[in-house]
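Letters go in sequence order (proteins before strands), and every chain restarts at 1.
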Protein chains: 2
Amino acid sequence: MKTASLKIGQLAKATGVSNETIRFYESKGLLTASERSSNGYRHYGSDALQRLRFILRAKRVGFSLDEIAELLALRTHADAHTCEEVKHYTQNKMQQIDSKIAELQAIRQSLATLHQACCGGSESAEHCSILNALDDPNHE
Amino acid sequence: MKTASLKIGQLAKATGVSNETIRFYESKGLLTASERSSNGYRHYGSDALQRLRFILRAKRVGFSLDEIAELLALRTHADAHTCEEVKHYTQNKMQQIDSKIAELQAIRQSLATLHQACCGGSESAEHCSILNALDDPNHE
DNA sequence: ATAAACCTTGTAGTCGACTATAGAGTCAAG
DNA sequence: CTTGACTCTATAGTCGACTACAAGGTTTAT
């Protein structure tokens, strides 16, 4: 017995994307069906589910499909690269992620200031105008 | 005396984007020149510098120009909305940012595992193949 | 056994975010 | 006073990431 094989539509439904998007990702080399049945239908295992979720997660935080392909290549055939390369690449990518987190935190801070400055009542928000002085002026 | 007025090219250089991009952002209502000199040239104050940096920061973490416009609208004429609205909007946006941070941390974790699994030597990385078992299997 | 609901490939169209080009005016240096 | 580096507007082209057909084959439900 094998763990739940999914057809394209089921995979699509499970992840909230369209069938076309999945085929598009396949054409870009991001996600291949583990096998095709005799009628040509694509069949996916739960690894594909994980992989696709990884893709979507990475997309939401601003990685391009090309960058995501790189990340995935690293995961799936790390044997094509030396350990040294993998070490360097992951190191770099982690730093990149740390900057993204820092940038998100900066934006979050602006919003938090705005949020706190705001009385929350139903009057116009013009009273809460500490506003413009936001955005860290001392960065990069 | 006023604080450093910048022409478009200087603003572009300072932020690493092209003049065209700045004009494009203006056409989208993201960034307007504080004034035009008699010859029609755009002139920007340091607020524009901050504003543009905010735009780029938000872009890097996956916000669309439309979303960024919304964020900026909030900052600049909060008087157009009630406090209540602002409170709700910022609350929502902060949650969205928190998910993005969580997603980044998940990706970072995958990379960290990969990084640690890897010996770092110059041999092929096929030894470091704890690889595929990455990606949290238990998260939406 | 026929219709509805799937799947296939292939090609074309869309949308967001630029990017480049044309044709013009302005300004600072030699 | 002209050459080179800037600026302007306006329009067209590009690129990434889909999205929507078209034209067909398959499977399932009645």
Side-chain angles (χ1 to χ4, degrees), chain A residues 4-45 48-49 51-73 96 100 103, chain B residues 4-45 48-49 51-73 96 100 103:
Chain A
S5 162
L6 298 169
K7 276 188 290 180
I8 196 168
Q10 301 173 301
L11 180 60
K13 202 163 233 173
T15 53
V17 303
S18 73
N19 297 18
E20 290 74 25
T21 300
I22 293 175
R23 290 193 203 102
F24 174 72
Y25 286 169
E26 178 173 314
S27 80
K28 295 273 145 177
L30 292 175
L31 185 68
T32 24
S34 40
E35 60 172 324
R36 296 289 190 115
S37 48
S38 52
N39 54 25
Y41 285 19
R42 291 168 178 81
H43 288 273
Y44 301 91
L49 198 57
R51 198 177 166 93
L52 184 45
R53 280 182 180 145
F54 180 88
I55 294 170
L56 298 175
R57 207 181 298 145
K59 243 180 59 64
R60 282 191 293 266
V61 293
F63 287 105
S64 71
L65 295 191
D66 281 0
E67 287 175 298
I68 297 171
E70 253 181 39
L71 287 167
L72 288 169
Q96 205 175 309
K100 274 180 192 280
E103 304 197 291
Chain B
S5 162
L6 298 170
K7 276 188 289 179
I8 195 168
Q10 302 172 301
L11 180 60
K13 202 163 233 173
T15 52
V17 303
S18 73
N19 297 19
E20 289 74 25
T21 301
I22 294 175
R23 289 193 205 103
F24 174 71
Y25 286 168
E26 179 173 313
S27 80
K28 295 273 146 177
L30 292 175
L31 184 69
T32 24
S34 41
E35 59 172 323
R36 298 287 190 116
S37 47
S38 53
N39 53 25
Y41 285 19
R42 289 167 179 82
H43 288 273
Y44 300 91
L49 198 58
R51 199 177 166 94
L52 184 45
R53 279 183 181 143
F54 180 88
I55 294 169
L56 298 175
R57 206 182 298 146
K59 243 180 60 65
R60 282 192 292 266
V61 294
F63 287 105
S64 71
L65 297 190
D66 280 0
E67 287 175 297
I68 297 172
E70 254 182 39
L71 287 167
L72 288 169
Q96 206 175 308
K100 274 180 193 278
E103 304 197 292

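- Side-chain atoms of A/S37 and A/N39 form a donor-acceptor pair, as typed in the model, at a separation below 3.5 Å.
- Taking side-chain N and O atoms only, B/N39 has a distance below 4.0 Å to OP1 or OP2 of C/dC27.
- In this structure, B/L31 atom CG and C/dC18 atom P are separated by 13 Å, rounded to whole Å.
- The CD1 atom of B/I8 sits 7.5 Å away from the CD atom of B/E20 when rounded to the nearest 0.5 Å.
- Atom CD1 of A/I55 is separated from atom C1' of D/dG16 by 15 Å (rounded to the nearest Å).
- Taking each heavy atom of B/Y44 and B/K7 in turn, the nearest pair found is CD1-C, 4.4 Å.
- We find the OG1-CG distance between A/T21 and A/L30 to be 11.5 Å, quoted to the nearest 0.5 Å.
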Take A/R36 and A/E26 through the test salt bridge (charged side-chain N to carboxylate O under 4.0 Å, His left out) and record every step on the way to the result. CA-CA 13 Å; A/R36 296 289 190 115; A/E26 178 173 314; 3.4 Å; yes
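- Picking from C/dT19, C/dC7, D/dA20 the nucleotide with the shortest atom distance to the side chain of B/F24 gives C/dT19.
- Contact annotation for A/K7: backbone-only contact, meaning every heavy-atom pair under 4.0 Å involves sugar-phosphate atoms and none involves a base.
- The residue A/K28 sits apart from the nucleic acid: no heavy atom pair falls under 4.0 Å.
- We find that CZ of A/R42 is positioned 15 Å from P of D/dT27, with the value rounded to whole Å.
- Residue B/R23 is in base contact, counting any heavy-atom pair closer than 4.0 Å across all strands shown.
- Listed nucleotides: D/dT26, C/dC7, C/dT26. Nearest to the side chain of A/I8: C/dC7.
- In this structure, A/I68 places its CD1 atom 12 Å from C1' of D/dG16, rounding to the nearest Å.
- Between B/E26 atom CD and C/dC18 atom P there is a gap of 15 Å when expressed in whole angstrom units.
- Distance B/E20 CD to C/dG16 C1': 18 Å, rounded to the nearest Å.
- Along DNA chain C, the nucleotide closest to B/S38 and the one closest to A/Q10 are compared, and the more 5′ of them pairs with A/Q10.
- The interatomic distance linking A/N19 (CG) with D/dC21 (P) rounds to 15 Å, in whole Å.
- Summarising the geometry, the separation between NZ on B/K59 and P on C/dG16 is reported as 14 Å, rounded to the nearest angstrom.
- Note on B/S18: nothing from the nucleic acid sits closer than 4.0 angstrom, heavy atoms only.
- Proximity note for B/Y41 (side chain, C-beta onward) versus D/dC8, D/dA17, D/dT27: the nearest is D/dC8.
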